[in-house]
A.B. asks: 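Below are the structure tokens for one structure; questions will follow.
Excluded from the calculations below are hydrogen atoms, water molecules and symmetry mates; all remaining heavy atoms, backbone and side chain alike, are included. Chain identifiers are assigned alphabetically (A, B, ...) following the order of the sequence lines, protein sequences preceding nucleic acid strands; residue numbering begins at 1 within each chain.
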Amino acid sequence: MTTVRTPADWPVTEEEARAVQDGLRARVVLDEPGPPPGTGRITGVDVAYDDERDVVAAAAVVLDAATLDVVAEATAVGRVSFPYVPGLLAFREIPTVLAALDALPCPPGLVVCDGYGLAHPRRFGLASHLGVLTGLPAIGVAKNPFTFTHDEPDAPRGSTSPLLAKGGDGREEVGRALRTRHAVKPVFVSVGHRVSLDNACAHTLALTPAYRLPETTRRADALCRRALGAI
DNA sequence: GCGACAG
DNA sequence: ATCTTGTCGC
């Protein structure tokens, strides 16, 4: 398990953080379909916190996309680099997540984040940010609708309904509410970087053969908690 | 101005 | 995210 320091040039204020997002947003690539679902490797990343001790632990778990078997995993720990502010989650998680990805013995392939990508106040959520910094295809699968609205998808697994930005003049689809288990609360999928929304949803379905959340995030969640507890 | 708000 | 017991159901 590697230890990381927060970058010296990391934003300190919310204003600085928002400026970073505005500066990087243009680098997001949205015209690539991304790797075909069920092929190659998919890596889940997640983070656990201990604000008391100012410690954060991140995990990256690589799965074989076809079998969902664990191929590799790595963890990293560091200091909390930013407070939790809705819309600025990436600044809290990215330094440690990058370290965990760097510690992997093999290429990550597609990265699945616990949060949003394009579905973000400034269209640059965690999955897009991580994708731009690494160059890797990335998607976001969140457990809550954040500030977006959506109709309830039909009960069958695989049903979807558009995730829409509020207020906005036109119905801008920033992601999709996707039912991964029959009649169970949907997950919220959005594009991060170099992956189409259709493909992001297909990947998410391929990663949820048994539970609501993708195997990638379930595995990464369990690992970063274990890493945090081991400190 | 007030409330809502990924993790 | 995190604090936390039992409990209902496949």
A.B. asks: Does a side-chain N or O from Asn144(A) land closer than 4.0 Å to OP1 or OP2 of dC5(B), or not?
C.D. replies: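 Checking Asn144(A) against dC5(B): no side-chain N or O falls below 4.0 Å of OP1 or OP2.
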A.B. asks: Taking the cut-offs as 6.0 angstrom to the six-membered ring centre and 45 degrees off its axis, would you call Arg92(A) and Tyr49(A) a cation-pi pair?
C.D. replies: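 Yes, a cation-pi geometry holds between Arg92(A) and Tyr49(A).
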A.B. asks: Which nucleotide wins on minimum distance to the side chain of Tyr116(A), given the candidates dT2(C), dA6(B), dC5(B)?
C.D. replies: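 Of the options given, the side chain of Tyr116(A) lies nearest dA6(B).
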A.B. asks: Could Asp198(A) and Arg176(A) be called an ion pair, given the rule that one side-chain N must be under 4.0 Å from one carboxylate O?
C.D. replies: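 A salt bridge links Asp198(A) with Arg176(A).
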A.B. asks: Contact class for Gly87(A) (heavy atom, under 4.0 Å): base, sugar-phosphate, or nothing?
C.D. replies: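 Result for Gly87(A) = base.
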A.B. asks: With the six-membered base ring of dG7(B) as reference, does the ring of Tyr84(A) sit under 5.5 Å away with planes under 30° apart?
C.D. replies: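 Stacked: ring centres under 5.5 Å, planes under 30°.
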A.B. asks: Rounded to whole Å, please give me the gap between CZ in Phe148(A) and C1' in dA4(B).
C.D. replies: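 From Phe148(A) CZ to dA4(B) C1': 12 Å.
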A.B. asks: Leu126(A) CG to dA6(B) P: how many Å, rounded?
C.D. replies: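 Going from Leu126(A) (CG) to dA6(B) (P), I get 13 Å.
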A.B. asks: Any side-chain N or O of Lys143(A) under 4.0 Å from OP1/OP2 of dA6(B)?
C.D. replies: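 No, no such contact exists.
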A.B. asks: What I want to find out is whether Arg225(A) reaches Asp221(A) closely enough, with some N-O distance under 4.0 Å, to be called a salt bridge.
C.D. replies: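 Asp221(A) and Arg225(A): salt-bridged.
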A.B. asks: Once you apply a heavy-atom cut-off of 4.0 Å, does Leu88(A) come out as touching a base, just sugar-phosphate, or nothing?
C.D. replies: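 It contacts base atoms.
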A.B. asks: Could you work out which one of dG7(B), dC5(B), dT2(C) sits closest to the side chain of Asp114(A)?
C.D. replies: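 Of all the options, the side chain of Asp114(A) is nearest to dG7(B).
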A.B. asks: Calculate the interatomic distance between Phe188(A) atom CZ and dA6(B) atom P; express it in whole Å.
C.D. replies: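 Rounded to whole Å, this separation is 11 Å.
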A.B. asks: Please report, rounded to the nearest Å, how far the P atom of dA4(B) is from the CZ atom of Phe146(A).
C.D. replies: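 Value for this atom pair: 15 Å.
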A.B. asks: Quickly work out the Phe82(A) CZ to dG7(B) P distance and round it to whole Å.
C.D. replies: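 It works out to 18 Å between those atoms.
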A.B. asks: Rounded to whole Å, how long is the line connecting atom CG of Asp50(A) with atom P of dT2(C)?
C.D. replies: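 In whole Å, dT2(C) P and Asp50(A) CG are 9 Å from each other.
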A.B. asks: Can you confirm whether or not the ring centre of Trp10(A) sits under 6.0 Å from the ring centre of Phe82(A)?
C.D. replies: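 That pair fails the under 6.0 Å test.
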A.B. asks: Step through it carefully: locate the ring centre of His129(A), locate the ring centre of Phe91(A), and say whether they are under 6.0 Å apart.
C.D. replies: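 That pair passes the under 6.0 Å test.
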A.B. asks: Whole Å only: how far is the NE2 atom of His150(A) from the P atom of dA4(B)?
C.D. replies: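 These atoms are roughly 17 Å apart.
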A.B. asks: Please report, rounded to the nearest Å, how far the C1' atom of dA6(B) is from the CG atom of Asp221(A).
C.D. replies: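 Rounded to the whole Å, the gap is 14 Å.
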A.B. asks: Compare side-chain N and O positions of Arg225(A) against OP1 and OP2 of dA1(C) and report whether any pair is under 4.0 Å apart.
C.D. replies: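 For dA1(C), OP1 or OP2 has a side-chain N or O of Arg225(A) closer than 4.0 Å.
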A.B. asks: Just checking Ala48(A): base, sugar-phosphate only, or nothing, at a heavy-atom cut-off of under 4.0 Å?
C.D. replies: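 Sugar-phosphate: the residue Ala48(A), judged by heavy atoms under 4.0 Å, touches backbone atoms but no base.
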